[in-house]
Visitor: 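I'd like to ask some things about the structure below.
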Amino acid sequence: MLRLTNTLTGEQEPFVPQDKQTVRMYTCGPTVYDFVHIGNLRTYVFEDILRRHLASKWTIKHVMNITDIDDKIIKRSIETGKDIKSYSAPYSAAFFEDCEKLKIQKPEIITPATEHIPEMIDLINRLLESGYAYREGDSIYYRISRFPNYGRLSKLDRRELKIGARIDADEYEKEEPRDFVLWKAPKDPREPRWEAPFGEGRPGWHLECSAMAMKHLGETLDIHCGGVDNIFPHHENEIAQSEAATGRPFVRFWIHGEHLLVEGEKMAKSKGNFFTLRDLLEKGYEPLEIRYLLVSVRYRKQLNFTFDGLREARAALDRIKEFLFRLTTAKVKAGSNPKVASALSRAREEFEAALDDDLNTSAALAAVFVLIGECNIVLSAGELQEDNRAEILKWFKVIDQRLAIIPPMEQLVQSDQEVEALIARRNEARRNRDFATSDRIRQELLDRGVLIEDTREGTRWRRK
RNA sequence: GGCGCCGUACCCAAGUGGUAAGGGAGAGGUCUGCAAAACCUUUAUGCAUCGGUUCGAAUCCGAUCGGCGCCUCCA
């Protein structure tokens, strides 16, 4: 039984898709005005873990938007003399490259905002007709006073909103400061615009998610995700727009990922602690290490990103890698050791239970490491058997489907005649007690990235 | 000011009423010609502090201290 923390209630609730078969999930994607940063990626990794876990139980229809029209994009495209499409396209492509490096699976449907303008216009029309929207100047606004449930998600009541909200009195002539824009009339002749019955302009940010989510997933979604900063105002406004238009609940489960901090502080360009994936790769960190670190802390807890943490992630991955290597290369007898078999089934159960428990990835990883420890002892005693090995390797494939953090094995065990020959020469030297030569060969191999280990069963090697 | 999250060993981090998972690091040991590898063992009478409830609390309640986030574009 999967339980997830629903922001709407603040509590863990059992999750089952409304039609018992297909999970309809929407996640807020990037605004492609620049490269995404490691904090953005934490959220996408959390959503990836959620999607992989859901997919192990039900079919999944996952929609993610690409915000390719917004103030920042317009500003920068004007500055660089490009149209918005050619300005944003490279960042959009870069985003998918970053996701691929971090093994984030692609959603079934990806929706660029600029390809859904008619749906947005339609939604505005419905809101205008029902009195939830109004025109002021040449723009269209949402009338929050018409929507009594406003603030339910973010638990802000109206009075406090008024105090907290900063008023943009110069720019907008809204009925109330907290009202938000649905359709923006152009202010600058260079701004992109679309024709609409209520005048040319462009969509407000909140509108796109409502329009695109409902187009592809229906009026009530099972799950809607995003970072905690989106709870207010973005998701609150999505609810207001969608529910005003349909009269139905927009989302059953709102699930929000906490922020990533860097060295205990909010990431900000001005603090110099702002990292993109590219920055980290340039520093020599591996995508898998980064993903491991992001996965190792549960999504609803702030994650303090540090370089020490990355090094620890590397060490933890090495432990997994070493175990798989040892398991694969061990000489084992046919049959099955019942002690190992029961340890494995316990590990499996704990792993699934942990993920079912609101995606407790820390506990899921712990279950994996407990099994590794138990198996290492059995391996040392030479009591692990062929069936155990096959079952364990099979399970690690499952783990990799779920968490995508298992180091690839192929290059670890691939044969290399040159290396084998050098090892043979080294062992010859060792037999002759010519340790100067054997150490020289070991160093030579190490320089080539090959690590030698002398074990009771002979010398084995792997690439670093 | 309002709303919310968090504080567990040297570091990261599970555990939300039954007596402290896991990873890293350190220390011992095994193996080895040696070892940098690997493996094993070990490291919190204690869970920010103080008080309360309870047979029993890291877990519930209250207060205090500290950190973070949102209330404005933001994952």
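These numbers come from the heavy atoms of this one structure, side chains and all, not from hydrogens, waters or symmetry mates. Chain letters run A, B, ... following the sequence lines, proteins first and then strands; every chain starts at 1.
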Visitor: With C1' as the reference atom in both, quote the distance from B:A13 to B:G23 in angstrom, rounded to an integer.
Guide: 8 Å
Visitor: Counting any heavy atom closer than 4.0 Å, what does A:Arg42 reach on the DNA or RNA strands: base, sugar-phosphate only, or nothing?
Guide: nothing
Visitor: Mind checking the CG-CD spacing from A:Leu182 to A:Gln241? Nearest 0.5 Å is all I need.
Guide: 5.5 Å
Visitor: Using the C1' atoms only, state how far B:A14 lies from B:G7, rounded to an integer number of Å.
Guide: 15 Å
Visitor: What's A:Arg426 touching, base or sugar-phosphate or nothing? Going by heavy atoms closer than 4.0 Å.
Guide: base
Visitor: Using the P atoms only, state how far B:A75 lies from B:G69, rounded to an integer number of Å.
Guide: 16 Å
Visitor: I'd like to know if A:Arg298 reaches the base of B:A14 with its side chain, counting only an N/O donor and acceptor under 3.5 Å.
Guide: no
Visitor: Between B:U16 and B:C5, how many Å separate the two C1' atoms, rounded to a whole number?
Guide: 15 Å
Visitor: Partner lookup for B:G4, please. Criteria are Watson-Crick or G-U wobble with both distances under 3.5 angstrom; report none if nothing qualifies.
Guide: B:C68
Visitor: Both distances under 3.5 Å, Watson-Crick or G-U wobble: report the partner of B:A38, or none.
Guide: B:U30
Visitor: Is there a donor and acceptor pair, one atom on the side chain of A:Asp439 and one on the base of B:G33, closer than 3.5 Å?
Guide: yes
Visitor: Mind checking the P distance from B:G24 to B:C40? Whole angstroms is fine.
Guide: 10 Å
Visitor: Between the base of B:C34 and the side chain of A:Arg442, is one N or O donor paired with an acceptor at under 3.5 angstrom?
Guide: yes
Visitor: Determine the interatomic distance between P on B:A63 and the same-named atom on B:G4; round to the nearest Å.
Guide: 14 Å
Visitor: When we call it a touch if two heavy atoms are under 4.0 Å apart, what does A:Gln443 touch: a base, just sugar-phosphate, or nothing?
Guide: base
Visitor: Under a 3.5 Å cut-off for both distances, is B:C60 Watson-Crick or wobble paired, and to whom?
Guide: B:G52
Visitor: What nucleic acid atoms does A:Ser438 come within less than 4.0 Å of, heavy atoms only: base, sugar-phosphate, or nothing?
Guide: base
Visitor: Considering every strand and a 4.0 Å limit on heavy-atom distances, what is the contact class for A:Asp454: base, sugar-phosphate, or nothing?
Guide: base
Visitor: Check for me whether A:Lys72 meets the cation-pi criterion with A:Tyr33, that is, NZ or CZ under 6.0 Å from the six-membered ring centre and within 45 degrees of the ring axis.
Guide: yes
Visitor: Kindly confirm whether the side-chain ring of A:Phe435 is stacked on the base of B:G33, judged by centres under 5.5 Å and planes under 30°.
Guide: yes
Visitor: Taking the same atom, C1', in B:G26 and in B:U32, what whole-Å distance lies between them?
Guide: 23 Å
Visitor: Classify the nucleic acid contact of A:Ser362 as base, sugar-phosphate or nothing, counting any heavy atom under 4.0 Å across all strands shown.
Guide: base
Visitor: Would you say a side-chain N or O of A:Lys301 is under 4.0 Å from OP1 or OP2 of B:A14?
Guide: yes
Visitor: Which base sits across from B:A44 as a Watson-Crick or G-U pair, both distances under 3.5 Å?
Guide: none
